[in-house]
Amino acid sequence: MYDLLVIGGGINGAGIARDAAGRGLKVLLCEKDDLASHTSSASTKLIHGGLRYLEYYDFALVRKALIEREVLLRSAPHIIWPMRFVLPQNRKVRSPLLVRLGLFLYDHLGGREILPATKVLKRGESDRLDPLNARFSKAFEYSDCWVEDSRLVVLNAVDAAEHGATILTRTACTDLAIDDGVWNATLLSDGQSTSTVQARAVVNAAGPWVDNVAGLANGRSNSEHVRLVKGSHIITKALFPGDHSYFFQNEDGRIIFAIPYENSDFTLIGTTDESFEGDPQSVHISDEEVGYLCDSANTYFDQQISPSDVVATYSGVRPLYDDKASEASAVTRDYVLSTSHDRGAPIVSVYGGKITTYRKLAEDVLSELTETFENMADPWTKSCPLPGGAILDADFEAFIIQQADTLSWMEADTRYRLLRAYGTRIHDLVGDARSMADLGHHYGGGLYQAEVDYLTQTEFARTADDILLRRSKLYLHMTADEQADLKDKLELGKVA
């Protein structure tokens, strides 16, 4: 019997499993697809307070997220790093005085220690305004952080497993029932084999399917809490130089980010916010969204883009708590926990939340279960790095310099990418290799057999998409033939 069954392998589920396993609970996490297959890999990939939420007076959420921003930066400096955001002044949308006030609050609400404060940029004094239309002569520049979102999920799952949790991907929970104060869960693996497990408590972190799982537990339809909001992004070739990002205010009240992507080879633009109805499994960007994002970028950038310049897209559905806001963009991003102790067997359903606050959410979920697990250990994740993140003083730049000497035989681009992805665990991946040839077959784009082996053996990867779309973004750097080579070898069982 398990202490805790966690349903859902997105950032919330993986974070809860990690925290619970580290407190001594026997944990099982099941995910019907791959880890981070849906919402958690479709974010704008920011660890941020949410500057625009200040307009909705959601100061508590912004403060909570800003505090977590630096906690996470210290815990995983290989996959999370500081980024500066350029916010051009646009008097048609908001007064500069109002924006300045918001940024003052943003700088001070969360006890900022590591990240630099806001400053004003002027055309002619800063080249960061050069890519913008000439009518934008001033901008504010403030700090937030970037995150490799899918890897954040996977690393939480890896750490959960290393603390004793069982992680089952491609495993759906198809039924939940209580028998003598214990949950009996029916699990369907790979769409074929069925098994039953028992658990003292359940956490429903199924994301867009949270109400479906709640319905399994109470034996009826449950659709009153979740509000699905679609967010889509486009990817183009790089539209500007540098490692900074842009924050654009649209006249319809929405905001759009333009972010350097994949070592600044590309620009990521998003996101949209629109209500969604339908199957979250098949969500995709619409032509209207592509046009909207292109038009938003064209309002600000000198270099104009059209849908033909889009090289890739992605979309996700956010399972927000339905607070009855009239506009999708105004729905709260804070999380709400719904807890039931029906017949002595608790279930906690998670609604909403931001990737930035996942760790705090996990602590709050386990606080809901303290009566069930009286001997559970204290919270521990705030000061413990994620796998690969035990970097001295969280100084990734110094770490790169150190490893350049240790791994001098490795091609510089490959070394940098692997250090970013795996941090201190790069040596687990590399093993005894002392040359590029020792890394095995090269699939293309800097992907070698040694990395594929590591991902399949340690990070729960099973398919080409698991590797190329989620644990890396190498699909943007490999040809169709190179991707097919990996897919063929995985399907033939030659990689594992």
Side-chain angles (χ1 to χ4, degrees), residues 43-56 58 61-62 65-66 69 80-107 109-110 112 115-123 126-133 135-147 149 231-236 238-261 264 266-273 292-303 305 329-330 333 354-356:
S43 75
T44 310
K45 309 182 193 313
L46 300 179
I47 297 294
H48 67 143
L51 179 60
R52 72 184 181 91
Y53 306 142
L54 292 175
E55 284 193 313
Y56 301 107
D58 206 342
L61 170 60
V62 175
L66 287 173
R69 185 179 62 179
I80 300 173
W81 58 90
M83 185 172 281
R84 294 291 276 175
F85 289 78
V86 177
L87 196 171
Q89 291 187 16
N90 187 344
R91 295 178 183 274
K92 290 183 178 180
V93 182
R94 293 173 180 87
S95 80
L97 183 61
L98 180 63
V99 175
R100 186 187 292 271
L101 174 61
L103 287 168
F104 176 83
L105 290 172
Y106 204 69
D107 275 347
L109 269 177
R112 176 181 50 83
L115 301 174
T118 298
K119 67 178 182 179
V120 176
L121 305 179
K122 297 181 180 179
R123 188 174 291 275
S126 172
D127 60 5
R128 296 193 170 183
L129 275 71
D130 292 349
L132 302 178
N133 185 287
R135 70 187 180 91
F136 300 107
S137 60
K138 291 183 179 180
F140 298 101
E141 184 183 72
Y142 71 95
S143 293
D144 262 323
C145 293
W146 169 265
V147 61
D149 53 5
S232 296
H233 297 75
I234 60 174
I235 300 168
T236 69
L239 298 178
F240 57 89
D243 57 4
H244 60 283
S245 296
Y246 291 91
F247 179 122
F248 296 150
Q249 307 171 81
N250 292 342
E251 292 188 20
D252 63 2
R254 299 182 188 181
I255 60 96
I256 298 294
F257 292 99
I259 303 172
Y261 196 51
S264 298
F266 301 90
T267 297
L268 175 67
I269 301 172
T271 180
T272 58
D273 267 314
Y292 176 83
L293 293 173
C294 288
D295 290 345
S296 297
N298 291 340
T299 299
Y300 285 88
F301 284 129
D302 261 345
Q303 182 176 341
I305 60 172
S329 59
R333 265 54 178 177
K354 289 162 46 69
I355 196 168
T356 307

| Step-by-step side-chain contact (heavy atoms from CB on, under 4.5 Å) determination, Asp144 to Arg84 | CA-CA 6 Å; Asp144 262 323; Arg84 294 291 276 175; over 6 Å; no
| request: For Arg91, look at atom CZ and say whether over 12 heavy atoms of other residues, nucleotides or ligands are found less than 6.0 Å away. | output: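 Result for CZ/Arg91: open.
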| task | Kindly check if the number of other-residue, nucleotide or ligand heavy atoms within 6.0 Å of CG (Asp243) is above 12? | result |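 Count not over threshold, so no.
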Any residue meeting ring pair (Phe, Tyr, Trp, His ring centres under 6.0 Å) with [X], in chain and number order, not counting sequence neighbours:
X      : answer
Phe247 : Phe257
His233 : Tyr314
Phe140 : none

| task | Carefully, step by step, assess Thr356 and Arg69 under the rule side-chain hydrogen bond (donor to acceptor under 3.5 Å, both in side chains). | result | CA-CA 6 Å; Thr356 307; Arg69 185 179 62 179; over 6 Å; no
| Distance from Phe85 atom CZ to Leu103 atom CG, nearest 0.5 Å? |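 Between atom CZ of Phe85 and atom CG of Leu103 there are 12.0 Å.
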| Asp149 CG to Lys45 NZ distance, which is reported to the nearest 0.5 Å |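 Atom-to-atom, Asp149:CG and Lys45:NZ are 3.5 Å apart.
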Heavy-atom pair of closest approach, residues [X] and [Y]:
X      : Y      : result
Thr299 : Asn133 : O-CB, 4.4 Å
Leu293 : Gly270 : CD2-CA, 4.0 Å
Ile305 : Ala297 : CD1-CB, 4.0 Å
Gly102 : Leu54  : O-CD1, 3.3 Å

| message | Once side chain to side chain contact (heavy atoms under 4.5 Å, CB included) is applied, do any residues pair with Thr267, and if so which ones, sequence neighbours excluded? | response |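 Testing Thr267 for side chain to side chain contact (heavy atoms under 4.5 Å, CB included), a comparison that skips the adjacent residues, returns Thr236, Ala238, Leu239, Phe240, Ala258, Ile269.
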Could you tell me whether a side-chain N or O of [X] sits under 3.5 Å from a main-chain N or O of [Y], the two making a donor and an acceptor?
X      : Y      : value
Thr272 : Ser232 : yes
Tyr106 : Gly50  : yes
Ser296 : Tyr292 : yes

| request: May I ask you to check whether Phe136 and Tyr300 place their ring centers less than 6.0 Å from one another? | output: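 For Phe136 and Tyr300, the ring centres are under 6.0 Å apart.
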| request: Any pair with a residue in residues 94-105 that passes salt bridge (Lys or Arg N to Asp or Glu O under 4.0 Å), sequence neighbours left out, goes on the list, sorted by first then second residue, please. | output: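 For residues 94-105, and leaving out neighbouring residues, the salt bridge (Lys or Arg N to Asp or Glu O under 4.0 Å) pairs sorted by first residue read Glu55-Arg94.
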Can you tell if the side chain of [X] reaches within under 4.5 Å of the side chain of [Y], non-hydrogen atoms only?
X      : Y      : value
Leu46  : Ile259 : yes
His244 : Met83  : no
Ile47  : Trp146 : no

| field | Basic-acidic side-chain contact under 4.0 Å: Asp273, Arg52 | value |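 A salt bridge is present here (some side-chain N lies under 4.0 Å from a carboxylate O).
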| request: Could I get the full list of side chain to side chain donor-acceptor pair (under 3.5 Å) partners for Tyr261, not counting sequence neighbours? | output: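 Tyr261 satisfies side chain to side chain donor-acceptor pair (under 3.5 Å) with no residue once adjacent residues are dropped.
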